[in-house]
Protein chains: 2
Amino acid sequence: MEDYKDQETVLLAVDCIIFGFDKKNLKILLIKRDFEPEKGHWSLMGGFLKRNETLDDAAIRVLNHLTGLENVYMEQLRAYSALDRDPVERTVSVSYYALIDIPEHSALNGRFSAKWFNINEAPDLIFDHNVMVANAMSRLRYRASTKPIGFELLPEKFTMKQLQTLYETILGEKLDKRNFINKINALDILLKTEEKDMKSSRKGSYFYMFDQVKYNTKVSDGFTFKL
Amino acid sequence: MEDYKDQETVLLAVDCIIFGFDKKNLKILLIKRDFEPEKGHWSLMGGFLKRNETLDDAAIRVLNHLTGLENVYMEQLRAYSALDRDPVERTVSVSYYALIDIPEHSALNGRFSAKWFNINEAPDLIFDHNVMVANAMSRLRYRASTKPIGFELLPEKFTMKQLQTLYETILGEKLDKRNFINKINALDILLKTEEKDMKSSRKGSYFYMFDQVKYNTKVSDGFTFKL
DNA sequence: CCAAAAGTGTTATGGATACACCCATGA
DNA sequence: TCATGGGTGTATCCATAACACTTTTGG
């Protein structure tokens, strides 16, 4: 460790991998850059860190700026620091991923040309953003099996089918309907409502809600989510 | 994303959580600061990022500076950016952890008052270094069950007992001897040597080596380490 | 009455865990 | 010969995986 003064500095940025779910597909929110470098190409939404904010603050600000959303699930992933990752300036970037439910809040800031892409149909991205997305996916898969983050991607009320489809998309594999429902019910962290979703079938399917209070109680009693 | 010019800058540092194993205990290498702030207190070894190096480079440089070691297992953990985490200057720090085998290479750079502490007997550290260590431990536990990192902490030749003790220390729980050996043997990634360690008992116990080549082959054939 | 999705339990399998005795050797 | 740590196999249990038919209701 050396003296603080006269240390070399670099720019520090955050980039957000914004995942969304529209009851069918896992998607990612990208913006079309209207400035150089790489103008016209797709990229993650990002921004520079300000002196009076933490990286978490910066990520929250960037996400809010684009989507208007607050209180979104976000998690820091890691720092990227290749010397030439940004051709303009030496910039180190810390990536964050966010999970949001698409249909309920889709008032995107018109200042940016933002668009939702199915996760497997996303275009090539600038700089090292493709790697960031790949790493985010792998973290998302891991998290999905250790914390009930799936519910962040769903509306307040959702059907078992939607929940299963979400997990299938995240994990990238088909799941058995009965085993999935048995497992979820065994966790005992859902509330079954009286309401039914009549849009999906003639019979209709019950809506469930995530019981955050019960979950928190169970966790503090030593329960650990495992799917 | 805004213009690059006139962005606010912060100092960017790396801090290394250096884990070691001396065939009995999991230890951590700390230095006693001989400069302000917090002179005389224990801390992680760290350093500022230079403009012409990546964060990985910086972590490797810092580790090498203290221990003289090269080709050490290191992994980036995460960035810490609380506004007041460093009282002198606004500094964002990226933590790395390293795994080294203690006895074989213990020529520490005398310029630093460095000392190995048992992981559970380490002193209070400056700034947010306690949190960094706690997070590193939890990552170490996770990694130990998904990748064969344990071998980084052992000498080239080691006994089953040493390997088991290492895993017990990392995981923080006693393991059954027969089950552990069965599991390790089932993985089929060790080479049993003809040599015996005669220091530990009258009967002596066989030395094993990690078969890196076999492991790599198995991994590229779809094998995943799981303990 | 038919099509389409919802809802519901049991069996089989395999991995994880618990467990105790003999062996080799130096002193 | 004895004390010390090394080395070895099997039975049980539990969690996971496989699997098919009935229900509801709008058209």
Side-chain angles (χ1 to χ4, degrees), chain A residues 23-25 141-142 144-146 154-155 157-209 218 222-227, chain B residues 23-25 141-142 144-146 154-155 157-209 218 222-227:
Chain A
K23 299 198 182 70
K24 278 295 270 285
N25 296 295
R141 265 191 292 273
Y142 171 63
S145 61
T146 56
L154 288 169
K157 293 174 184 179
F158 50 86
T159 66
M160 276 290 179
K161 184 68 186 301
Q162 288 164 9
L163 185 62
Q164 183 180 343
T165 305
L166 171 57
Y167 272 91
E168 285 177 341
T169 325
I170 293 177
L171 301 175
E173 55 183 332
K174 282 279 165 201
L175 301 174
D176 178 88
K177 179 169 58 163
R178 279 177 291 186
N179 290 341
F180 181 79
I181 293 174
N182 289 159
K183 230 179 211 172
I184 294 289
N185 283 336
L187 292 173
D188 187 29
I189 52 176
L190 291 192
L191 278 171
K192 186 176 191 171
T193 70
E194 300 290 303
E195 280 175 87
K196 280 188 164 191
D197 174 16
M198 299 309 295
K199 276 176 253 148
S200 63
S201 73
R202 311 201 190 289
K203 188 180 178 182
S205 56
Y206 284 105
F207 279 120
Y208 289 79
M209 298 172 68
K218 294 190 74 162
F223 168 81
T224 50
F225 181 92
K226 185 86 205 341
L227 203 86
Chain B
K23 300 199 182 70
K24 278 295 272 284
N25 296 295
R141 266 191 292 272
Y142 171 63
S145 61
T146 56
L154 289 169
K157 294 175 183 178
F158 50 86
T159 66
M160 276 291 180
K161 185 68 187 301
Q162 287 163 10
L163 185 61
Q164 183 179 344
T165 305
L166 171 57
Y167 272 91
E168 285 177 340
T169 324
I170 293 177
L171 301 175
E173 55 184 331
K174 282 279 165 200
L175 301 173
D176 178 88
K177 178 171 57 164
R178 278 178 291 187
N179 290 341
F180 181 78
I181 293 174
N182 288 159
K183 230 180 211 172
I184 294 288
N185 284 335
L187 292 173
D188 187 30
I189 52 176
L190 290 193
L191 278 171
K192 186 176 191 169
T193 70
E194 300 289 303
E195 280 174 86
K196 282 188 163 192
D197 175 16
M198 299 308 296
K199 276 177 252 146
S200 63
S201 73
R202 311 201 191 286
K203 187 181 178 182
S205 55
Y206 285 104
F207 279 120
Y208 289 79
M209 298 174 69
K218 295 190 73 162
F223 167 81
T224 50
F225 181 92
K226 186 87 204 343
L227 204 85

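Quick note on labels: first sequence line is chain A, next is B, and so on, each numbered from 1.
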Inset, instruction - Could you tell me the separation between the CZ atom of Phe207(A) and the C1' atom of dA6(C), rounded to a whole number of Å? - result: 14 Å
Legend entry - Sequence-aligned protein contact record of nucleotides 22-27 of chain C, with B where the base is within under 4.0 Å of a protein heavy atom and S where only the sugar-phosphate is: -BBBBS
Legend entry - Under 3.5 Å donor-acceptor, Glu168(A) side chain and Leu175(A) backbone: yes
Inset, instruction - Kindly check if the number of other-residue, nucleotide or ligand heavy atoms within 6.0 Å of NZ (Lys161(B)) is above 12? - result: no
Inset, instruction - Measure from NZ or CZ of Lys196(B) to the centre of the six-membered ring of Tyr206(B) and say whether it is under 6.0 Å with the direction within 45° of the ring axis. - result: yes
Legend entry - Rounded interatomic separation in angstrom, taking NZ from Lys226(B) and C1' from dA16(C): 11 Å
Inset, instruction - Check whether any side-chain heavy atom of Lys23(B) sits under 4.5 Å from a side-chain heavy atom of Thr165(B), and report yes or no. - result: no
Inset, instruction - Grab the CG-P distance between Leu163(A) and dA5(C) for me, whole Å please. - result: 19 Å
Inset, instruction - Grab the NZ-C1' distance between Lys199(A) and dT24(D) for me, whole Å please. - result: 19 Å
Legend entry - Distance, nearest 0.5 Å, that separates CG of Leu163(A) from CG of Leu154(A): 6.0 Å
Inset, instruction - With a 4.0 Å heavy-atom cut-off, tell me which residues in residues 175-194 of chain B come close to DNA chain C, sorted by residue number. - result: Asp176(B), Arg178(B), Asn179(B), Lys183(B)
Legend entry - Integer-rounded Å distance: dG5(D) P and Asp197(B) CG: 13 Å
Legend entry - Side chains of Leu190(A) and Phe158(A) in contact at under 4.5 Å (non-hydrogen atoms): yes
Legend entry - cation_pi(Lys218(A), Phe223(A)) dist<6.0 Å, angle<=45: yes
Inset, instruction - May I ask you to decide if Tyr142(B)'s main-chain N or O and Thr146(B)'s side chain share a donor-acceptor pair within less than 3.5 Å? - result: yes
